[in-house]
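Below you'll find the structure, written out as structure tokens, and then a few comments.
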Number of protein chains: 2
Amino acid sequence: MQTEEEFKDFILNGHLHYIPNVSIDCAIFGYHEQTLKLMLIRHRNMSSWSLPGGHIKRSETLVEAASRNVRMHTGLDNLFLQQFKTFGDPNRIQFNKFDKEKWFEITGLTSWEGNWLMDHTISVGFYAVTDFSETVLQTDISIAECAWFDIGSLPPLEFDHSEMVKEALHTMRLHLYHYPIGLNMLPEKFTLSEIHALYETLLGKKLDVSNFPKKLIALGLLNKLTEKRSIGAHRSPHLYSFDREKYTLALKEGLVLS
Amino acid sequence: MQTEEEFKDFILNGHLHYIPNVSIDCAIFGYHEQTLKLMLIRHRNMSSWSLPGGHIKRSETLVEAASRNVRMHTGLDNLFLQQFKTFGDPNRIQFNKFDKEKWFEITGLTSWEGNWLMDHTISVGFYAVTDFSETVLQTDISIAECAWFDIGSLPPLEFDHSEMVKEALHTMRLHLYHYPIGLNMLPEKFTLSEIHALYETLLGKKLDVSNFPKKLIALGLLNKLTEKRSIGAHRSPHLYSFDREKYTLALKEGLVLS
DNA sequence: TCAAAAGTGTTTTCTATACACCCATGC
DNA sequence: GCATGGGTGTATAGAAAACACTTTTGA
């Protein structure tokens with residue numbers, strides 16, 4: 001959706017291709033060098049930030065809608081993407097906060113009564129994880145801004161999105177112990193220290209320097225490479241890579257990291 | 001919804017009070033004397049069974065809708081009720097399987113094009129647990145039958161409800177280790193053997209006779225009563241009851257049972 | 001006194017955690 | 001050689017599992 005014309009058509013006739021009354025919202029977590037960030041967008045005509053989201057095409061599944069949304073904003077595909085909760089409180093969206101005038105100007109409408117977008121909307125929350133340094137943030141005509149925010153200092157969010165973030169973070173941290181989430185946040189080859197730092201940042205707590213690598217190796221997902229990384233005046237750490245086969249299996253079947 | 005007239009009005013004008021394109025479905029698990037059952041309903045004009053469900057009123061939250069649904073079918077309130085997943089695959093409902101003729105007869109319509117019910121519907125899954133011997137199954141005008149089925153021998157289900165049951169069961173079993181779920185499935189006063197049997201049945205596996213009670217007591221949710229139960233030619237077991245305060249706290253904050 | 005079920009105690013095994021210590025590297 | 005981070009080994013505490021044993025009850 002890049003032109004004003006397409007946007008107008010979406011507002012007026014979107015319900016022909018998209019399911020009304022339902023949307024998805026995505027909490028996209030980004031990791032890089034020991035900082036955890038969250039991607040937020042600012043809609044046109046809105047002053048506060050919100051999670052990226054959108055409607056579901058009549059031909060696609062929920063995950064596909066979420067995946068399309070994430071791809072649209074980050075340019076990335078095949079991220080770890082999980083449903084975490086569905087939100088539907090009656091007052092989760094305050095339509096009276098919208099900028100009527102601007103809206104009428106775009107659409108040529110004089111009232112939003114009966115418009116498919118201006119109705120009670122339930123939203124299915126998804127979260128994704130990625131390396132934010134690899135992303136190229138993209139907007140479309142409906143979005144004014146798009147940016148990464150430090151997880152510790154998020155701005156006030158629109159709608160019920162603050163609660164969504166809280167839930168998303170909670171679920172993501174739970175999943176860290178039951179799924180291998182790391183493939184998209186680490187380079188192809190990485191050291192144990194790097195993955196250690198990743199887990200510490202995502203979980204927001206310290207993990208034992210000695211025991212964490214042991215547990216990780218015990219899972220059997222890692223291949224120890226013969227290569228080492230040169231890090232200057234220190235012992236060269238071994239490089240590891242994920243065993244793709246075991247990784248994808250663990251994604252399906254789950255695992256237990258204590 | 002008890003009369004033919006109300007049913008017709010729901011079909012024709014329900015979208016005024018209910019949100020279209022979204023529904024909730026409930027997997028209601030029932031326990032009694034070491035058997036685990038699931039409540040299923042059969043819609044009018046449908047040959048197979050399905051999970052009870054319905055639309056969400058514009059004024060209520062998702063849980064409230066689920067709660068209303070459960071109450072309607074079982075007569076029970078305040079059950080442990082949890083969202084487990086939202087389902088939205090494009091082909092989850094095959095509208096062409098519906099009995100058109102019967103439908104037209106009821107409504108006086110000659111086509112279902114444009115009817116609010118005949119559109120892509122996303123469904124939010126909830127599960128509940130109760131003692132099935134305490135329930136009084138109730139139907140309404142839209143439902144032909146309502147019955148408990150043994151969890152091990154469920155009939156084929158409509159839509160994607162088989163997958164829903166699988167997911168509901170999985171989530172319920174996970175939650176058993178993180179929430180106190182038992183209040184609604186046991187009498188006010190119960191023995192350790194009874195709660196032991198409950199957990200074994202819900203989890204579908206054996207739990208150690210000696211260690212399970214220890215862990216349970218260690219949680220601190222139980223009050224040991226001075227009363228005992230007389231069970232014939234055997235040692236009389238102590239009766240226990242839940243500590244309401246600690247129970248409700250644990251419902252909110254969670255707990256860890258290994 | 002015996003069978004059956006309740007309940008307790010003990011032994012063994014496993015695992016989590018803390019921490020001491022050795023290794024590799026470049027200056 | 002020494003400072004620094006990488007990596008390994010071990011000792012200890014605590015939890016989980018297995019199971020033997022004691023208690024209570026009514027026939």
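Sequence lines set the chain letters: A, B, ... in the order given, protein chains first and strands last, and positions in each chain run from 1.
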Before accepting this row, confirm whether a basic side-chain N of the pair [X]/[Y] lies closer than 4.0 Å to the acidic partner's carboxylate O.
X: Glu188(B); Y: Arg244(B); result: yes
X: Arg229(B); Y: Glu194(B); result: yes
X: Arg173(B); Y: Glu200(B); result: no
X: Lys246(A); Y: Glu253(A); result: no

- [ ] Check whether any side-chain heavy atom of Thr135(B) sits under 4.5 Å from a side-chain heavy atom of Ser133(B), and report yes or no.
- [x]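 Contact flag for Thr135(B)/Ser133(B) side chains = no.
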Task: Ring-face cation of Lys224(A) near Tyr240(A) (centre distance under 6.0 Å, axis angle within 45°) - done: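 Pair Lys224(A)/Tyr240(A) does not count as cation-pi.
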Open item on the list: My understanding is that only one of Tyr31(A), Phe149(A), Trp148(A), Phe29(A) makes a ring-ring contact (aromatic ring centres under 6.0 Å, His included) with Phe132(A); could you say which?
Closed with: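 So the option named by the test is Trp148(A).
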Open item on the list: Using 30° and 60° as the class boundaries, would you call the ring planes of Phe80(A) and Tyr179(A) parallel, tilted or perpendicular?
Closed with: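 The rings of Phe80(A) and Tyr179(A) sit tilted, inter-plane angle from 30° to 60°.
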Open item on the list: Using a 4.0 Å cut-off to any heavy atom of chain A, which nucleotides of DNA chain C are the first and last in contact, reading 5' to 3'?
Closed with: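 Span of nucleotides near chain A: dA16(C) to dG26(C).
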- [ ] Sugar-phosphate means primed atoms, P, OP1 and OP2; the rest is base. With that split, encode nucleotides 2-11 of chain D 5' to 3' as B, S or - using protein heavy atoms under 4.0 Å.
- [x] --BBBSBBB-
Open item on the list: By nearest heavy atom, map Ser230(A) and Lys215(A) onto DNA chain C; which one lands nearer the 5' end?
Closed with: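 Between the two, 5'-proximity favours Lys215(A).
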Open item on the list: Rounded to whole Å, how long is the line connecting atom CZ of Arg229(B) with atom P of dT25(D)?
Closed with: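 So the two atoms are 15 Å apart, to the nearest Å.
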